[in-house]
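Each remark here refers to the structure printed beneath this line.
All of these numbers come straight from a predicted model, not from anything done at the bench. If you read the sequence from its start, that first residue is 1, and numbering goes on from there.
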Amino acid sequence: MAVVVRAGAAPLWWFGVVAAGVGAVPEGWTGRRIGVFAGAALFVVAAAAVALTRRRRYDALARGASRAGKYDVLQDRAVTVRNWRRGHRWWLVGAWALALGSAFAVPVAGGLLLAGCGTGLRLKAGWLGRRERALDSLLWVRVDWLDGRGGRPVGKAVKGLRGTGIAAGDAAPGGTRRRTAALV
């Protein structure tokens, strides 16, 4: 589940950073100084809002997680990330274009808002990783319960989570890539 949450963090962060950097060039209607302060405030608010949204639903599903069965369809981390990013690519490009366009009104602010959303997703994935370590179980969403774009890990279609051992699959707690020991 944390892999689905974390899949959007990096693209949102990088698109936001690039949009903020390019957005610092025009003076805008408000001026760069006000744009940077507004952007910093939006960054903090967006990161907090995204990180704290729907925590009760995540927590309730985590507490009710059952052991993954023989016929549960679970997929690798790389496939989940690829599906999410392909399914949301136009949303990401549209958000980036909107952040760039907003720089002519309020410089930097749109890019920092986008980066704040990415940071919030990373914080939420970290919280889920700590939850997985506490439960000593990786939490999975069945693939057939995700929406058509590979997202919504706690949407209405998700009836429950599946749990496996911490060493199962190619993902570590929190949705990060599992580190493998180097061959000597």
Side-chain angles (χ1 to χ4, degrees), residues 1-62 77-78 80-134 139 141 146-147 149-155 158 171-179:
M1 174 172 63
V3 174
V4 179
V5 172
R6 193 179 184 95
L12 283 171
W13 166 258
W14 285 111
F15 278 142
V17 167
V18 169
V22 173
V25 174
E27 185 69 29
W29 291 338
T30 61
R32 281 189 202 99
R33 182 178 172 156
I34 292 173
V36 169
F37 284 132
L42 286 173
F43 179 89
V44 171
V45 169
V50 170
L52 298 175
T53 302
R54 302 198 70 174
R55 274 204 178 186
R56 286 186 188 155
R57 174 86 169 138
Y58 282 97
D59 200 34
L61 287 173
R77 178 191 183 281
T80 302
V81 170
R82 184 180 65 232
N83 288 345
W84 190 95
R85 290 181 181 170
R86 280 184 183 169
H88 292 86
R89 66 180 162 239
W90 294 113
W91 287 98
L92 291 169
V93 170
W96 182 66
L98 194 61
L100 278 177
S102 72
F104 293 104
V106 184
V108 181
L112 287 179
L113 174 66
L114 206 56
C117 291
T119 301
L121 286 175
R122 180 146 312 197
L123 291 172
K124 183 179 284 189
W127 173 74
L128 287 169
R130 289 188 297 279
R131 184 89 172 118
E132 287 175 334
R133 282 188 191 93
L139 300 173
V141 177
L146 294 174
D147 70 354
R149 294 184 318 243
R152 302 209 32 108
V154 292
V158 178
T176 60
R177 190 175 303 129
R178 182 171 301 285
R179 303 210 192 281

Considering only heavy atoms from C-beta outward, does the side chain of [X] approach that of [Y] to under 4.5 Å?
{"X": "Ile34", "Y": "Val106", "answer": "no"}
{"X": "Arg131", "Y": "Asp59", "answer": "yes"}
{"X": "Pro107", "Y": "Thr30", "answer": "yes"}

Count the heavy atoms belonging to other residues, nucleotides or ligands that lie under 6.0 Å from CH2 of Trp127, then report whether that count exceeds 12. yes
Identify the heavy atoms of [X] and [Y] that sit nearest to each other, and give their distance.
{"X": "Leu139", "Y": "Ala62", "result": "CD1-CB, 3.6 Å"}
{"X": "Gly23", "Y": "Pro26", "result": "O-CD, 3.5 Å"}
{"X": "Ala9", "Y": "Gly118", "result": "CB-O, 3.5 Å"}
{"X": "Arg85", "Y": "Ala10", "result": "NH2-CB, 3.7 Å"}
{"X": "Leu113", "Y": "Ala46", "result": "CD1-CB, 3.6 Å"}
{"X": "Pro153", "Y": "Val5", "result": "CG-CG2, 3.9 Å"}

Measure the spacing between [atom1] of [X] and [atom2] of [Y] and express it to the nearest 0.5 Å.
{"X": "Phe37", "Y": "Leu42", "atom1": "CZ", "atom2": "CG", "result": "13.5 Å"}
{"X": "Thr80", "Y": "Arg6", "atom1": "OG1", "atom2": "CZ", "result": "13.5 Å"}
{"X": "Leu114", "Y": "Leu92", "atom1": "CG", "atom2": "CG", "result": "8.0 Å"}
{"X": "Arg55", "Y": "Leu128", "atom1": "CZ", "atom2": "CG", "result": "8.0 Å"}

Apply side chain to side chain contact (heavy atoms under 4.5 Å, CB included) to residues Leu121 and Leu12 and explain how you reach the verdict. CA-CA 9 Å; Leu121 286 175; Leu12 283 171; 3.6 Å; yes
Mark yes or no: Arg122 above the aromatic ring of Trp13, with NZ or CZ under 6.0 Å from the six-membered ring centre and no more than 45 degrees from the axis. no
With sequence neighbours left out, write down each residue that passes ring pair (Phe, Tyr, Trp, His ring centres under 6.0 Å) with Trp84, or none if nothing qualifies. His88
Using modelled atom types only, decide if a donor and an acceptor are shared between the side chain of [X] and the backbone of [Y] within a distance under 3.5 Å.
{"X": "Lys124", "Y": "Thr53", "value": "yes"}
{"X": "Arg32", "Y": "Val25", "value": "yes"}
{"X": "Arg57", "Y": "Val154", "value": "yes"}

Side chain to side chain contact (heavy atoms under 4.5 Å, CB included) filter on Leu100, not counting sequence neighbours, yields Ala19, Val22, Trp96
